[in-house]
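What you see is a predicted model; the values in this text were computed from it and never measured. Each chain gets a letter, A, B and so on, in the order the sequences are listed, and its residues count up from 1.
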Amino acid sequence: MPAVLVERAQNPAHGDYSVSLPLKLAKTLHRAPMAIATELSTAMALPPSLGRIALAPPGFINITLEPAWLQAQLALIAGAGEQWGRNDLGGSQRVQVEFVSANPTGPLLFSHARGAVVGDVAARILEASGFDVQREYYLNDKGRQIRLFGESIQARMLNLPIPEDGYSGEYVGEIAARAAAEGISPEPSTLSELGIEWVQRSVREDLARLRISHDHLFLESSLYAGWDQETMRKLRDLGRIEEKDGAVWFKTSGEKDEVLIKRDGYPTYFWSDILYHRDKFEKRGFNRVVDVWGADHQGQVGRVKEALAVLGIEPFRLTVLLVQLVSVKRGEETVRMSRRAGVGVSLKEMLDDVGPDAVRYFFLLRSADAQMEFDVDLARRQSSENPVYYAQYAHARLANVLTFGAGTRAEPALARLDSEWELELMRVMLRWPDVVREAAEAIEPHRLAFFTDELAAAIHRFYKNCRVVTDDAPLTAARLLLSSAARLTIANALGLMGVSAPDRM
RNA sequence: GCCCCCUUAGCUCAGUGGAUCAGAGCGGGUGCCUUCUAAGCACUAGGUCGCAGGUUCGAAUCCUGCAGGGGGCACCA
């Protein structure tokens, strides 16, 4: 028995909803699809006030919503306020979204911002869908990179050569200068602490400008206060641990095993990942966890999930969003961001250049799993070509007209909202709750941006073709109600994306 | 060699089983401001949806193979 019963009609000419079940049942029932459609449609007993049913070959049942029903929704939408579009998919399940989590050895690059925006909006979507969400930042505050970071600062303080694979950015000099000014002794461990503090402040500032903040900071070092030994014992009991060549290995079910603790005594990132994720599920009891990682970490997904399975945690509870690379296009020049190569544009620079709204909206106009090119010249333009302004302008126009018509006192003549533009606008905005729910189910933030763009188009067409404030008070009142519902819808959509919805532009 | 993502209009990208679905934005072309913001609207693009097979009543959408781009496959992070 096919599961999907009612879906959105793909073509507006076919109505609002479409049922293709007859086509799916035809084979198993050995009956003509149209005959099944006829039978099903009579059994559906759709209230006539809601919509009407039509059959279409080769076996579709189409449902078209009645204008009166659409019109009656406006007051409900306008009255729902911030609740409009929210759903209860999550049923208060606890879900953690972990994102950004870059090594604390340097300021954020623009490429980090993509994951930051995707993670933040994923969190917002899940919140709007009834999940109890925690935003977590994971801080790698131990390990080789941290030691190198401290040594690099020390080298700058003492005018020594920077160690091999060390950090050479300008900010390292700034940190060294500050340490010197405060009379801090040039010990690498002290200096790395100071450096992390400095970097974290910079990261928080950049993220704040992007309207992102986390609920919880998790220190990697906290995993090594007993939890590591406890987990190691458990894996040992499960027969998954082997000591070989001076290192500690995790025995996988596949060809090659994985090192957990290196010969030099340092843990691998894999080991930290295991401890960290076990902590999330077992110690802190999250029902689900969403991690936002760069695409270059793709290879770790499988082995982390395998380790979770070994520890008795169903792997499906962990969703890893792999965010693909970003390149930055300025004029004719394209810069590919690469962490390895150490080239890249800083987030701060881009925020200064194009502002948070454009950064957020542009990232959301691409699905996370597609590599993207960020067109700086387009994002920077304070004019019509810029998609951000298109959506914000739709909101500003409605806000303006609502102010302009605020004195209207009349019973809205809802039935007169019957032009193609008015009905189209109602149909688009009524999709909003489905968009939120589907974005939550798929964890695909970009769906919000594509919906917003469609909604903005419907708003602009309505505005162009239907004068709102006129001498005709009942019609004016009706159109103001429509404007109010539409303004609320696009405000909520922009709000879920963390993009501002200005009243004036 | 193996694994993951991508390959759709000049450019950047949506759409991942359904019926005029071959789309949007940008760029290019042409119209539209005496009335609530023209940061807008209306027309205008002929792209074998990388290629070849397969499954299906039906494939951009699923399967297989191949090609191209990117990312992984370390006792690196």
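Residue Asn62(A) places a side-chain atom within donor-acceptor reach of the base of A19(B), judged by atom type and a 3.5 Å distance cut-off alone. Counting distance only, with no hydrogens placed and no angle test, the side-chain atoms of Gln300(A) and the base atoms of A77(B) include a donor-acceptor pair under 3.5 Å.
Ring geometry for His214(A) versus Tyr137(A): interplanar angle over 60°, hence perpendicular rather than tilted (30 to 60°).
Among Leu488(A), Ile459(A), Thr489(A), the one residue that satisfies the side-chain contact (heavy atoms from CB on, under 4.5 Å) test with Met429(A) is Thr489(A).
Nearer the 5' end of RNA chain B, as judged by each residue's closest nucleotide, is the contact made by Glu444(A), out of Glu444(A) and Tyr269(A).
Cation-pi contact between Lys329(A) and Phe374(A): absent, since separation from the ring centre below 6.0 Å together with deviation from the ring axis within 45° is not met.
Syn is the glycosidic conformation of C33(B), whose angle stays within 90° of 0.
With rounding to whole Å, Trp293(A) atom CH2 is found 20 Å from C3(B) atom P. The separation between His446(A) atom NE2 and G23(B) atom C1' is 14 Å, rounded to whole Å. Here the P atom of nucleotide U35(B) and the CZ atom of Arg479(A) are 17 Å apart, to the nearest Å. One interatomic measurement links the two molecules: NE2 of His460(A) to C1' of C32(B), which rounds to 16 Å at whole-angstrom precision. Distance Gln371(A) CD to C6(B) C1': 6 Å, rounded to the nearest Å.
Closest of all the heavy-atom pairs between Pro445(A) and Ile125(A) is CA-CD1, 3.7 Å.
Look at the P atom in both A9(B) and G47(B): the space between them is 10 Å, to the nearest Å.
Between C75(B), G72(B), C13(B), one nucleotide has an atom nearer to the side chain of Met372(A) than all others, and that is C13(B).
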